[in-house]
Amino acid sequence: MLDFMNVYDKYETVIGLECHIQLLTKTKMYSSDVAEYGALPNTNVSVVTLGHPGTLPVVNKRAIEFAVKLGIAVNADIREENQFARKNYFYADLPKGYQITQDKTPICTGGYITAKMKDRELRVNLTRIHMEEDAGKSLHDIDPFETLVDLNRAGTPLLEIVTEPDLRSGEEAYAYLTEVRKLVRYLDICDGNMEEGSLRCDANISVMLKGSKIFGKKVEVKNMNSFRNVQRAIDFEIKRQIDLVEENKEIAGETRSFDAVKGITFSLRSKENANDYRYFPEPDLQPVFITKEYINEIKAGLPVLPDELFNIYTKEYKLSEYDALQIIDRKEVAAFYNDLVKHTANQKSAANWVMGPIKAYLNERALTISEFTLPSKKIAEIISLIDAGKLSNSAASQKLFPALVDQPTKSAEQLAGELDLLQNSNSNELQGFVDQALAKYPEKINEYKNGKVTLLGMFVGEVMKLSKGKADPKLLNQLVKETLEK
Ligand code: ADP
Ligand code: MG
C-alpha cells in the first residue's frame with residue numbers, strides 16, 4: 001500500500017504554458033474596426049475583418065508598441081525586422097480562412113518572468129512572444145439547434161507568450177500566471193481578465209521519471225477559464241499520465257479540454273490529425289522595422305514595475321515581503337501607497353493604513369481604491385497625529401478616519417479636535433494629574449517602592465481617569481514611572 005502511495009513521487013512533471021493576452025488597443029490588429037468587449041454581435045466587422053477580396057490589412061502601431069513594452073519588461077530580445085505570416089485553417093469563426101500571425105520571426109525571443117512563491121522565487125524562461133489576431137467566436141449554447149457566430153472578436157490584437165518547459169507543478173503554473181496578469185496590468189496593455197477571455201492559457205504537460213533527461217510525450221490542455229482551473233487541470237493531468245505510464249500504456253500526443261464541473265480533462269483531437277497550417281509569408285503586409293531609438297523611447301516611458309517596487313518596498317521602506325506583495329498585487333493600490341509615502345516618512349504605518357482601515361472601508365462598501373475619494377495626504381495627516389502622540393490608533397481608525405472621508409475638506413487635526421479625540425500630550429498638564437492621583441495613595445507608593453512594581457498599572461489607570469481617557473498612554477506610563485522613582 002505504501003508503495004502505491006509513493007508511485008507519484010517517482011515522477012517529475014514538465015509544463016510549458018502558452019498564454020494569449022488580448023491587447024487594450026482601440027482598434028483591431030490589421031483594421032480600423034473597433035476592438036471592444038461586449039458590443040452587439042457582428043457590429044465591428046468591416047470588409048477588412050471579413051477578408052473581402054481587394055481589401056488590405058494595415059498593422060496597428062499601438063499593438064507593436066504594446067509588444068515592445070512587454071518585451072522590455074521581460075528582458076527579451078526585440079527583433080528588428082518583423083515579418084507576418086499566414087496560418088491557414090478552416091473554421092466557421094475565421095472569416096478569412098487564415099490568421100495573420102508571426103511564424104519564424106516573433107517580435108520577442110528569450111527573456112524571463114520571475115514569480116514569488118511562498119518559500120522561493122521562481123524563474124520562468126520565455127521562448128518567444130509573437131503578435132497575431134484573434135478569431136471570432138462560435139456560440140454553441142444560445143440557440144438549441146444552430147451554432148451562432150459573432151465576428152466582433154475576429155482581428156482583435158493578441159500577443160502569445162510561450163514559456164520554455166520550465167514549470168514543474170500546477171502551483172508553479174498558478175504563480176507564473178498571477179505574475180503575467182500583474183505585469184500586463186502594470187504595463188496597461190491587457191486587462192488580464194481570464195474569466196472574460198482577455199487572458200487565455202493552454203498548458204502543455206508531460207511526465208517523466210525523476211532525474212530523467214528525456215521529456216515524456218506532451219499533452220496540450222485547453223479551455224481553462226481561471227487560474228485555479230489551470231492548476232486543477234494540470235494536477236488532474238499529472239495523475240492521469242502517471243497512471244497510464246504505471247499501467248504500461250502509451251500517452252497519446254493529443255489536445256485535451258478541461259471540464260471544470262467534473263474536474264477532468266477529455267480528448268479533443270489527436271496530434272496525428274493535427275492541421276497542417278501551411279504557413280507562408282503574408283503577401284499583403286510589409287515587414288515592420290523596429291529601431292533601437294524606438295525601443296529606448298518606449299523604455300523611457302515604462303512605469304515602475306512590480307519587481308522594482310518589491311525591491312523599493314522591502315529594501316528602502318523595510319516593509320515585510322508579505323506586506324510589499326499585498327500592496328503591489330494591485331497596480332491601483334500600489335499607486336495610492338506610492339502617493340501616500342510622498343506625504344509621510346512613516347512607510348510602515350502607511351502600509352498598515354492601506355492594508356488595514358482603508359482596505360476594510362472599501363471592502364465594506366464594495367468599492368475599489370480608484371473610487372476612494374479621500375486624498376492620500378489626509379491619511380498622512382492622521383499618521384502624523386498618531387506619531388506625535390496626539391491621537392490613539394483606535395480613535396484614528398475607528399472615528400477620525402471615517403469622519404474625514406465624509407468631511408475631506410477639513411484638516412485631520414481640526415476634525416479630531418471637533419470630535420474631541422485629541423489626546424493630552426501636554427506633559428505639564430499631565431504631571432498635574434499624576435501628582436493628584438499619587439497623592440491619594442501614599443501607602444501604595446511605599447509598596448511600589450518596596451518592590452511591588454505591578455502597582456504601576458493601577459496608578460496609570462487613575463491618571464487616565466483624571467485625564468478623561470485622553471492622555472497619551474506611552475507618555476503617561478513614562479511620567480508615572482519617573483514620578484514614582486523620584
Ligand atoms: P508544438 O510544436 O506542439 O507547438 P512547441 O515545441 O512549440 O510544441 O512547444 C509548445 C509549448 O509546449 C511550449 O510552451 C513548450 O515549452 C512546451 N513543451 C514542449 N515540450 C514539452 C514537453 N515534453 N512537456 C511539457 N511541455 C512541453
Ligand atoms: Mg509551437
Side-chain angles (χ1 to χ4, degrees), residues 18-67 84-103 107 129-161 184 189-202 222-225 255 257 268-269 274-285 288:
E18 296 168 286
C19 283
H20 284 96
I21 61 163
Q22 205 173 73
L23 298 182
L24 286 170
T25 54
K26 289 205 182 70
T27 57
K28 292 188 180 177
M29 186 70 214
Y30 308 107
S31 80
S32 58
D33 289 354
V34 176
E36 61 180 340
Y37 181 81
L40 269 181
N42 299 308
T43 50
N44 295 323
V45 283
S46 69
V47 286
V48 182
T49 291
L50 296 175
H52 282 198
T55 60
L56 287 173
V58 177
V59 175
N60 185 332
K61 252 194 195 164
R62 188 47 67 86
I64 302 271
E65 179 192 325
F66 285 3
F84 294 89
R86 279 192 191 180
K87 179 180 178 180
N88 301 279
Y89 65 94
F90 176 77
Y91 203 71
D93 58 21
L94 188 75
K96 294 201 293 267
Y98 59 85
Q99 184 187 21
I100 306 179
T101 177
Q102 292 191 288
D103 181 24
I107 186 160
I129 301 172
H130 66 258
M131 302 179 278
E132 60 183 30
E133 60 178 335
D134 210 345
K137 221 178 189 168
S138 299
L139 307 159
H140 305 291
D141 51 2
I142 292 185
D143 186 285
F145 304 109
E146 318 278 355
T147 289
L148 305 181
V149 175
D150 177 7
L151 295 178
N152 280 346
R153 203 181 64 180
T156 302
L158 299 177
L159 291 179
E160 179 172 341
I161 310 168
V184 299
I189 61 174
C190 168
D191 65 25
N193 289 331
M194 200 161 184
E195 286 75 7
E196 286 176 10
S198 43
L199 195 166
R200 279 166 265 158
C201 170
D202 302 334
K222 290 180 173 302
N223 299 328
M224 290 85 72
N225 63 355
T255 303
S257 182
L268 274 183
R269 55 182 175 265
N275 270 312
D276 172 5
Y277 292 120
R278 292 175 291 121
Y279 280 99
F280 62 82
E282 167 59 56
D284 288 341
L285 284 174
V288 168

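Numbering starts at 1 and runs along the sequence shown. Being a predicted model, the structure only gives us computed values, none of them experimental.
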If you measure from [atom1] on [X] to [atom2] on [Y], what distance do you get to the nearest 0.5 Å?
X: Q102; Y: Y279; atom1: CD; atom2: OH; value: 11.0 Å
X: L158; Y: F66; atom1: CG; atom2: CZ; value: 13.5 Å
X: I21; Y: C201; atom1: CD1; atom2: SG; value: 12.5 Å
X: R153; Y: S198; atom1: CZ; atom2: OG; value: 10.5 Å
X: L148; Y: N42; atom1: CG; atom2: CG; value: 9.5 Å
X: E65; Y: I189; atom1: CD; atom2: CD1; value: 10.0 Å

(message) Less than 4.5 Å apart, side chain to side chain, heavy atoms only: is that true for R86 and P283?
(response) yes
(message) Checking the side chain of D276 only, and the main-chain atoms of R278 only, is there a donor and an acceptor separated by less than 3.5 Å?
(response)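 Checking the backbone N and O of R278 against the side chain of D276, a donor-acceptor pair under 3.5 Å is found.
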(message) Please determine whether side chain to side chain contact (heavy atoms under 4.5 Å, CB included) holds for the pair Y37 and T156, giving the CA-CA distance in whole Å, both sets of side-chain angles, and the decisive distance to 0.1 Å.
(response) CA-CA 10 Å; Y37 181 81; T156 302; over 6 Å; no
Looking only at heavy atoms, what is the nearest atom pair of [X] and [Y], with distance?
X: T43; Y: A39; value: OG1-CB, 3.9 Å
X: L151; Y: V45; value: O-CG1, 3.3 Å
X: D150; Y: P41; value: OD1-CA, 3.5 Å
X: F84; Y: I100; value: CB-CG2, 3.9 Å
X: S257; Y: L268; value: CB-CG, 3.7 Å
X: D284; Y: T55; value: OD2-O, 4.5 Å

(message) By the salt bridge (charged side-chain N to carboxylate O under 4.0 Å, His left out) test, which pairs, at least two apart or in different chains, include something from residues 91-103?
(response) K96-E133
(message) Name the residue from E132, E160, E282 that meets the side-chain hydrogen bond (donor to acceptor under 3.5 Å, both in side chains) definition with T101.
(response) E132
(request) Among N152, N44, T49, find the residue that satisfies the side-chain hydrogen bond (donor to acceptor under 3.5 Å, both in side chains) test when tested with D33. (result)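 Answer after filtering N152, N44, T49: T49.
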Under 3.5 Å, which donor-acceptor pairs link side chains of residues 139-146 to any protein atom two or more places apart or in another chain?
| residue | atom | partner | partner atom | Å |
| --- | --- | --- | --- | --- |
| H140 | ND1 | T147 | OG1 | 3.0 |
| D143 | OD1 | F145 | N | 2.7 |
| D143 | OD1 | E146 | N | 2.9 |

(request) Report the residues that fulfil side-chain contact (heavy atoms from CB on, under 4.5 Å) with T27, sequence neighbours left out, ordered by chain and then residue number. (result)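 T27 satisfies side-chain contact (heavy atoms from CB on, under 4.5 Å) with N60 once adjacent residues are dropped.
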(message) Against P157, only a single residue in Q22, M29, M131 fulfils side chain to side chain contact (heavy atoms under 4.5 Å, CB included); can you say which?
(response) M29
(request) Mark yes when over 12 heavy atoms from residues, nucleotides or ligands other than R62 sit less than 6.0 Å from its CZ; otherwise mark no. (result)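 Incorrect, the count does not exceed 12.
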(request) Just do the side chain to side chain contact (heavy atoms under 4.5 Å, CB included) check on R200 and D134 with the steps written out, would you? (result) CA-CA 11 Å; R200 279 166 265 158; D134 210 345; 2.6 Å; yes
